[in-house]
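Notes to accompany the following structure.
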Amino acid sequence: MSDERRYDPAAVEARWQRIWEEERTWEVPNPGQPGFDPSKPKSYVLEMLPYPSGEPHVGHLKNYAIGDAVAHFRRRNGLQVIHPMGYDAFGLPAENAAIRTGEHPRVATFASIDEFRRQFKQWGISIDWSRELATCEPEYYRWTQWLFLKLYERGLAYRAEAPVQWCPKDATVLANEQVIDGRCERCGTLVEQRRLEQWFFRITEYADRLLEDFDALESWPEHVITMQRNWIGRSEGAEVIFRCEELDLDFPVFTTRPDTLFGATFFVLAPEHPAVEKLAAGTEHEQAVRDYVNEAGRRSAEERGAEDREKTGVPLGRYVTNPVNGERIPMFVSDYVLMEYGTGAIMAVPAHDERDFDFARAFGLPIRQVVRPRDADPDSFSPDEPFVEHSSDEVLMNSGEFSGLPAPEGKRKIIEWLEERGLGKATVNYRLRDWLISRQRYWGCPIPIVYCDDCGTVPVPEDQLPVELPDIEDYAPKGRSPLAAAEDWVATTCPRCGGAARRETDTMDTFVDSSWYFLRYLDARNDERPWARDAVDHWMPVDLYIGGVEHAILHLMYARFFTKALQDMDLLGVPEPFANLFTQGMITRDGAKMSKSKGNTVSPREYVERYGADTTRTFVCFLGPPERGGDWKDEGVEGVHRFLTRLWRLGQEVAEREAAAVDKGALEGDALELVRKAHWAIDKATRDISQSLHLHTAIAAVMELVNEAYRAKDSLYSSPEGTGAVRFATATAASLIYPFAPHLACEVYEAIEGERLWEVPWPKADPDLLQREEISLVVQVNGKRRGEIQVPADMPEGELLRLAREHEGVRRHIDGKQVVKEIVVPGRLVNLVAR
RNA sequence: GCGGGCGUGGUGGAAUUGGUAGACACGCCGGCUUUAGGUGCCGGUGCUCGUAAGAGCGUGGGGGUUCAAGUCCCUCCGCCCGCACCA
């Protein structure tokens with residue numbers, strides 16, 4: 001084959017990319033703008049925005065290849081698709097590099113952004129670049145600050161002193177969500193507890209709605225919903241007040257088991273509980289308590305929660321009164337009680353709680369059964385393990401007037417009893433904490449707040465936004481924000497009284513930046529408002545959101561919270577940002593996770609340069625079901641490249657041959673079979689892409705079509721009708737592979753049909769050609785396959801059975817036996833049961 | 001410990017939801033093309049026995065339901081991911 005006809009991905013891809021760029025093919029107008037077509041239904045296809053660091057990796061490639069396939073598919077199915085791109089550009093990696101090199105984080109960040117953009121364009125991803133944004137640009141973070149002020153106005157942003165998690169390596173506080181097993185989510189360093197005054201977003205106010213609105217989602221992976229549910233950790237129960245008479249102190253506790261109140265035999269406080277010192281003061285246990293609390297403070301969360309750890313603790317020498325029976329029960333301090341959950345104190349019911357049971361065992365405390373199975377004997381029911389069942393099959397015992405009640409009813413009645421006497425009430429408790437957004441770091445969005453000696457905490461007025469991040473000399477954190485050193489910037493005037501004031505020097509968690517970017521895309525150049533309401537009303541919600549599972553809790557929950565808060569402010573009309581979520585699996589190499597330290601990373605750039613973007617993109621989609629991972633193998637890339645090259649050659653061949661138009665009534669033989677195969681592939685690819693996003697089987701269908709065309713082409717080329725069939729098969733294959741390999745597809749299709757594929761509607765399978773006149777039917781005897789018969793598709797059952805019995809392989813197995821049952825599965829098989 | 005997912009050839013993975021297990025691809029084997037290597041094209045490739053026709057076995061193990069099970073039920077084993085003293 002001559003050189004000019006050889007498949008040259010670099011040339012083909014450059015050609016189409018230039019056309020798309022020059023013609024701004026993927027830009028879509030907003031309602032009211034020129035060219036907007038109100039007749040087309042919209043579709044918002046979005047992939048999680050990248051953090052630009054160095055250059056894109058295979059995870060990015062997979063993410064955007066999947067999203068782009070969907071975007072292309074939907075466009076050609078008549079939808080108006082918005083498919084934007086941006087950069088999550090504030091963050092620690094750039095800042096840490098700045099500390100080492102002294103170069104402004106902006107420089108490295110924008111260098112990375114340029115590289116990401118360059119490669120995305122080289123991949124041929126169909127992005128509306130007119131909506132591009134970077135969260136570190138003042139034009140963007142101005143509105144992040146504006147949204148902060150809106151939350152502040154509503155009381156959803158507040159400043160409070162609280163025990164917080166401090167990462168000593170990154171020298172900043174972290175949100176609860178960013179601490180995993182007591183370690184910093186980013187760098188793995190053990191976190192420390194500190195008491196600091198910090199800014200929080202009141203996400204807990206939305207806990208119930210974050211749970212309820214899962215119903216409003218069309219399709220989210222069940223496990224992501226479960227993870228968020230667990231994270232929010234809603235539990236219903238009661239707050240019960242235990243009183244320490246000696247010191248005149250009330251100790252509320254949270255319990256999900258008010259039905260077991262009569263079984264409380266002791267009481268435990270967390271070591272961090274503020275009353276511990278006071279309680280122990282002056283008792284014989286004072287020193288022991290102090291030692292225990294100090295030791296607990298030194299222990300990491302990881303150690304504390306270690307599995308199978310023996311329960312430890314010390315008595316306080318004080319007593320509280322159980323409100324339901326007036327019993328005085330002893331108080332203890334133990335680190336199995338967590339200050340962060342509930343009230344930091346618990347009533348201990350060893351008979352019905354695993355942990356309390358262990359503690360009672362270790363300290364020789366009484367264990368009293370108060371719940372038993374309905375039919376168990378009250379006098380002899382004493383299991384040697386905690387009995388934790390509490391359905392209506394269980395009843396209360398040893399519980400005064402409540403004895404004999406079914407557990408759920410007992411629960412209700414005891415709460416009522418407490419409420420009547422002001423000793424407790426029904427409550428709901430959550431594991432979710434408010435979102436701590438302050439960060440003592442430089443490369444983030446400044447918090448638009450000023451502190452004035454006279455006026456206190458004053459929000460920066462909207463017309464003074466953005467509060468721009470100043471340039472500084474030294475980025476190194478020193479336990480306070482590096483911004484604190486920028487004296488000229490910190491010193492300001494109070495917007496309220498005009499007096500001297502100081503700026504807030506912390507910056508926001510970068511998750512704030514990414515909690516609303518999907519809204520800014522919709523009106524990215526608006527310099528009067530964060531977005532115009534009609535633009536957002538038209539495009540929202542995101543119809544398909546694609547990204548990694550690692551964001552199942554953090555980003556996705558924060559973005560949901562923002563959306564709900566914005567809806568409440570009437571800035572937005574939808575309760576949920578992402579109607580459908582697709583989480584892609586991670587790509588491994590030779591079975592192992594890719595990591596820089598192992599040196600087994602794949603650089604998409606190398607493959608794009610060697611095989612072309614089309615091959616590389618198609619390969620990542622062909623790896624396997626996209627929700628699962630996939631293993632990168634160089635041989636696999638070559639396989640896909642071979643396939644695309646075959647399609648290319650087929651295109652060259654049919655383009656230069658004379659072909660007759662396909663007339664489905666006149667087709668026969670191989671030509672008919674090939675055209676049928678094409679329609680089969682249309683049907684299969686369409687279903688796979690639109691229903692299950694099983695892109696790998698859609699690609700496999702196109703491969704089958706191309707293989708079939710290759711097998712048949714040499715004989716078909718002998719007539720114009722046959723050539724027409726090959727030509728149709730080739731054009732169809734190009735059309736179907738377009739979402740994955742758009743450049744090659746366009747080139748091949750143009751050569752054959754003279755049209756631009758993105759302007760050609762997605763093909764429709766002809767139902768007549770999906771039906772076959774003759775089918776092969778499996779014949780079984782006793783469920784074992786004994787042969788196959790070719791029969792007309794509409795052959796009646798009796799005839800089928802007759803043919804089946806005549807089949808030689810069948811006869812061999814039924815001779816001398818009696819057929820006792822005959823099963824015909826239309827279009828599939830015949831099974832004869834012989835005895 | 002709790003919750004979720006998964007287990008199919010040498011490998012990645014298919015299987016229209018109870019109806020031909022192994023599509024497609026990699027790898028491997030053979031043939032053709034080529035001066036040769038590579039490329040390309042065609043064919044073969046689950047395992048066992050058999051020259052073959054064919055037969056038996058086969059979807060982590062065991063048991064069950066069914067004319068029929070990768071698919072449904074019970075049970076056991078293994079791997080992965082979340083959560084993990086949350087009262």
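Sequence lines set the chain letters: A, B, ... in the order given, protein chains first and strands last, and positions in each chain run from 1.
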Quick one about [Y] and [X] (side-chain donor to acceptor, distance below 3.5 Å, no hydrogens or angles considered), yes or no?
X	Y	value
A:N429	A:S235	no
A:H679	A:Q771	no
A:K411	A:H390	yes
A:Q228	A:R560	yes

[X] has a side chain; which of [options] sits nearest to it?
X	options	result
A:K821	B:C42, B:C67, B:C85	B:C67
A:R812	B:C85, B:A55, B:C67	B:A55
A:S235	B:G13, B:A87, B:U20	B:A87
A:V778	B:G19, B:G82, B:U20	B:U20
A:H223	B:A84, B:G4, B:A14	B:G4
A:P625	B:G13, B:G3, B:G19	B:G13

Say you pick atom [atom1] in [N] and the same atom in [M]; how far apart are they, in whole Å?
N	M	atom1	result
B:A87	B:C74	P	29 Å
B:C24	B:G19	C1'	22 Å
B:U20	B:U75	C1'	30 Å
B:G7	B:G61	P	13 Å
B:U8	B:G78	C1'	15 Å
B:U45	B:A21	C1'	16 Å

Base orientation of B:G9, syn vs anti, 90° cut from 0: syn
Anti or syn - B:U17, cut at 90° from 0: syn
Whole Å only: how far is the [atom1] atom of [X] from the [atom2] atom of [N]?
X	N	atom1	atom2	answer
A:H551	B:C81	NE2	P	18 Å
A:D353	B:G1	CG	P	18 Å
A:H694	B:U17	NE2	P	15 Å
A:M339	B:C85	CE	P	17 Å
A:M331	B:A87	CE	C1'	16 Å
A:Y341	B:C85	OH	P	12 Å
A:F619	B:G13	CZ	C1'	12 Å
A:E550	B:C80	CD	C1'	16 Å

Give a yes/no answer on whether the side chain of [X] brings an N or O atom under 4.0 Å of OP1 or OP2 in [N].
X	N	answer
A:R646	B:C42	yes
A:R649	B:C41	yes
A:R628	B:C80	no
A:K784	B:C57	yes
A:R786	B:A55	yes

For [Y], does its backbone N or O pair with a side-chain atom of [X] as donor and acceptor, under 3.5 Å?
X	Y	answer
A:E708	A:L705	no
A:T204	A:R433	no
A:Y336	A:G313	no

Per-nucleotide pairing state of RNA chain B [Watson-Crick or G-U, under 3.5 Å; [ ] pseudoknot-crossing; | other strand]: (((((((..(((......[....)))((((((.......))))))((((....))))..(((((..]....))))))))))))....
Could you tell me if the ring centre of [X] sits under 6.0 Å from that of [Y]?
X	Y	value
A:F619	A:Y607	no
A:H696	A:F622	no
A:F267	A:F332	no

Closest-nucleotide 5' rank along RNA chain B - winner of A:T256 and A:G809: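 Checking each residue's closest nucleotide, the 5'-ward one belongs to A:G809.
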Residue closer to the 5' end of RNA chain B, A:M347 versus A:E788 (nearest nucleotide):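 Nearest-nucleotide comparison on RNA chain B picks A:E788.
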Validation row: A:L269, A:M331 side chains within 4.5 angstrom (heavy atoms):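 A side-chain contact under 4.5 Å exists here.
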Residues which pass salt bridge (charged side-chain N to carboxylate O under 4.0 Å, His left out) with A:E236, listed by chain and number, not counting sequence neighbours: A:R234
Touch class at under 4.0 angstrom, heavy-atom based, for A:N230 against every strand present: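 Counting heavy atoms under 4.0 Å across all strands, no contact is made by A:N230.
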Sugar-phosphate, base or nothing in reach of A:Y430, heavy atoms under 4.0 Å: nothing
Per-nucleotide protein contact string for nucleotides 21-28 of chain B, where B marks a base within reach and S marks sugar-phosphate only (heavy atoms under 4.0 Å, - for neither): --BBSSS-
